Amino acid sequence: MTRSETDLIFSNKQSKVKDFTFDAQVVEVFPDMISRSVPGYNTIIETIAQLSQQYVSNNSNIYDLGCSLGAATLAMRKAITAQNCQIIGVDNSTAMVERCKMHINAFKGETPAEIVEGNIVDYPIHNASMVVLNFTLQFIEPNLREQVINNIANGLLPGGALVLSEKLSTDDQTCQNLLTDLHHNFKRANGYSDLEIAQKRTALEKVMLTDTVDTQITRLKNAGFTHVTPWFQCFNFYSLVAIK
Ligand SMILES: Nc1ncnc2c1ncn2[C@@H]1O[C@H](C[S@+](CC[C@H]([NH3+])C(=O)[O-])CC(=O)[O-])[C@@H](O)[C@H]1O
Ligand SMILES: O=C(O)C(=O)Cc1ccccc1
């Protein structure tokens, strides 16, 4: 991803912290924000590329749902060796889509990539060999998550793969506090102040409702995925792969 501004969005004390949205202000700092906030983000992007090499089949579609600035799309486009494929990146933030298109057009690649402004809750998925939900499902209203996963399972070809990365929670309050503390230490080590950490937490409270690992695995199995396994965990950040 190209250079970006430093994330200072939550650095000044706000009298009332507004709910987090993916607006133009977030777009400006997004690469810096995500790499300083999500442990293992680069490893996850690299592994998505590796999985695309393995799972993408000739004459199929690849979907990057909640593509933001297209980091996963770009990484997959470089890695895919299958022929006659198309990547479709979908995001419902106008500001993200606009900037994402600029990023995608700045790099040439064999596999065509189309970036679309759309809602992943009702986006049609067809003839897919790979689908990526990299930290997107967590922003979908919980009662719509099953529909999103079922829609993906139905649109995937047999043997196709879904990569689902999420911040997750655990019902064990002691473990939950331990993982949250470790994540906050990670953010502090990356230069965020206690005020920034606290205000962002408040901004995310109503818009990012985390599931447990068990909920995710059960939802994937119920949707018809045959093989499901977490392949990455750092603190409360996970990535799972599910094969149809
Ligand atoms: N209903 C929706 N429909 C479409 N997009 C949505 C919806 N709700 C939220 N989004 C979009 O999902 C993205 C989540 S960020 C993904 C990072 C990326 N995957 C990456 O690999 O860099 C994760 C994060 O910032 O933690 C944002 O761009 C939202 O606009
Ligand atoms: O920053 C956090 O605390 C997070 O949980 C991750 C995140 C990263 C980027 C946008 C929204 C949430």
Side-chain angles (χ1 to χ4, degrees), residues 1-2 4 7 9-10 19-49 52 63-76 87-100 103-104 115-125 131-145 147-148 151-152 163-169 179-188 190-192 194 196-210 234-239:
M1 195 61 50
T2 46
S4 83
D7 170 22
I9 292 178
F10 296 100
D19 283 350
F20 189 89
T21 56
F22 291 94
D23 58 13
Q25 192 193 15
V26 168
V27 167
E28 282 313 318
V29 302
F30 189 72
D32 180 70
M33 171 185 277
I34 199 146
S35 64
R36 287 164 67 211
S37 307
V38 176
Y41 177 74
N42 288 330
T43 302
I44 294 170
I45 293 291
E46 282 164 19
T47 307
I48 288 170
S52 73
Y63 294 86
D64 182 5
L65 304 177
C67 59
S68 296
L69 299 183
T73 290
L74 284 169
M76 290 192 286
I87 308 176
I88 300 126
V90 184
D91 205 289
N92 70 348
S93 153
T94 308
M96 280 289 184
V97 167
E98 208 173 282
R99 184 64 59 90
C100 185
H103 276 229
I104 299 294
I115 307 302
V116 187
E117 185 173 334
N119 187 346
I120 67 158
V121 171
D122 53 20
Y123 198 81
I125 311 279
V131 177
V132 173
L133 275 171
N134 201 33
F135 300 106
T136 304
L137 196 66
Q138 61 196 19
F139 291 103
I140 304 295
E141 220 184 279
N143 63 12
L144 296 175
R145 292 178 189 175
Q147 184 185 329
V148 172
N151 182 38
I152 293 170
V163 176
L164 173 62
S165 311
E166 291 272 282
K167 183 178 188 180
L168 296 175
S169 50
L179 297 176
T180 303
D181 286 349
L182 290 171
H183 178 230
H184 287 175
N185 290 344
F186 168 87
K187 291 182 81 161
R188 231 172 264 121
N190 284 330
Y192 286 118
D194 289 338
E196 286 176 292
I197 294 169
Q199 292 193 137
K200 179 142 183 229
R201 192 182 195 180
T202 304
L204 288 170
E205 223 155 51
K206 290 202 222 84
V207 293
M208 194 177 91
L209 302 167
T210 53
C234 184
F235 314 140
N236 35 2
F237 290 78
Y238 287 72
S239 187

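Fair warning: this is a prediction, and the values are worked out from it, not measured in the lab. Atoms within a ligand are numbered from 1 in the order they appear, just like the ligands themselves.
The protein heavy atom nearest to atom 6 (C) of ligand 2 is V38 CG2, 4.0 Å. Given atom 2 (C) of ligand 2, the protein heavy atom at minimum distance is K187 NZ, 3.1 Å. Counting only heavy atoms of the protein, atom 8 (C) of ligand 2 lies nearest to K200 NZ, 3.5 Å.
Atoms of ligand 2 found under 4.0 Å from any heavy atom of K167 (numbered from 1 in listed order, with element): 3 (O), 5 (O). Close approach to M208 involves these atoms of ligand 2, each under 4.0 Å from a residue heavy atom: 5 (O).
We find the CZ-CE distance between F10 and M33 to be 5.5 Å, quoted to the nearest 0.5 Å. Residue Y238 holds its OH atom at 6.5 Å from CG of L168, rounded to the nearest 0.5 Å.
At a 3.5 angstrom cut-off on N or O pairs, H183 does not count as close to ligand 2.
A donor atom on one side chain and an acceptor atom on the other are not found under 3.5 Å apart for Y123 and N151.
In this structure, the side chain to side chain donor-acceptor pair (under 3.5 Å) partners of T210, at least two apart in sequence or on a different chain, are S169.
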Close N/O pairs between ligand 1 and protein, under 3.5 Å:
| residue | atom | partner | partner atom | Å |
| --- | --- | --- | --- | --- |
| ligand 1 | 1 (N) | N92 | ND2 | 3.4 |
| ligand 1 | 1 (N) | N119 | OD1 | 2.8 |
| ligand 1 | 3 (N) | I120 | N | 3.0 |
| ligand 1 | 5 (N) | N92 | N | 3.2 |
| ligand 1 | 5 (N) | N92 | OD1 | 3.4 |
| ligand 1 | 10 (N) | N92 | OD1 | 3.4 |
| ligand 1 | 19 (N) | G66 | O | 2.8 |
| ligand 1 | 19 (N) | N134 | O | 2.9 |
| ligand 1 | 21 (O) | N134 | ND2 | 2.9 |
| ligand 1 | 22 (O) | Y41 | OH | 2.5 |
| ligand 1 | 28 (O) | S68 | OG | 2.8 |
| ligand 1 | 28 (O) | D91 | OD1 | 3.3 |
| ligand 1 | 28 (O) | D91 | OD2 | 2.7 |
| ligand 1 | 30 (O) | D91 | OD1 | 2.6 |

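K187 forms a cation-pi arrangement with Y192, by the criterion of a distance under 6.0 Å to the ring centre and an angle within 45° of the ring axis.
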N/O donor-acceptor pairs under 3.5 Å from side chains in residues 20-30, not counting sequence neighbours:
| residue | atom | partner | partner atom | Å |
| --- | --- | --- | --- | --- |
| D23 | OD1 | Q25 | N | 3.3 |
| D23 | OD1 | V26 | N | 3.1 |
| E28 | OE2 | R99 | NH2 | 2.6 |

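Residue pairs meeting the salt bridge (charged side-chain N to carboxylate O under 4.0 Å, His left out) criterion with at least one member in residues 35-46, sequence neighbours excluded, are D32-R36.
The 12-atom threshold is not exceeded at CD of E98, counting heavy atoms of other residues, nucleotides or ligands nearer than 6.0 Å.
For R201, the heavy-atom gap to ligand 2 stays at 4.0 angstrom or more.
The ring of H183 has its center closer than 6.0 angstrom to the ring center of F237.
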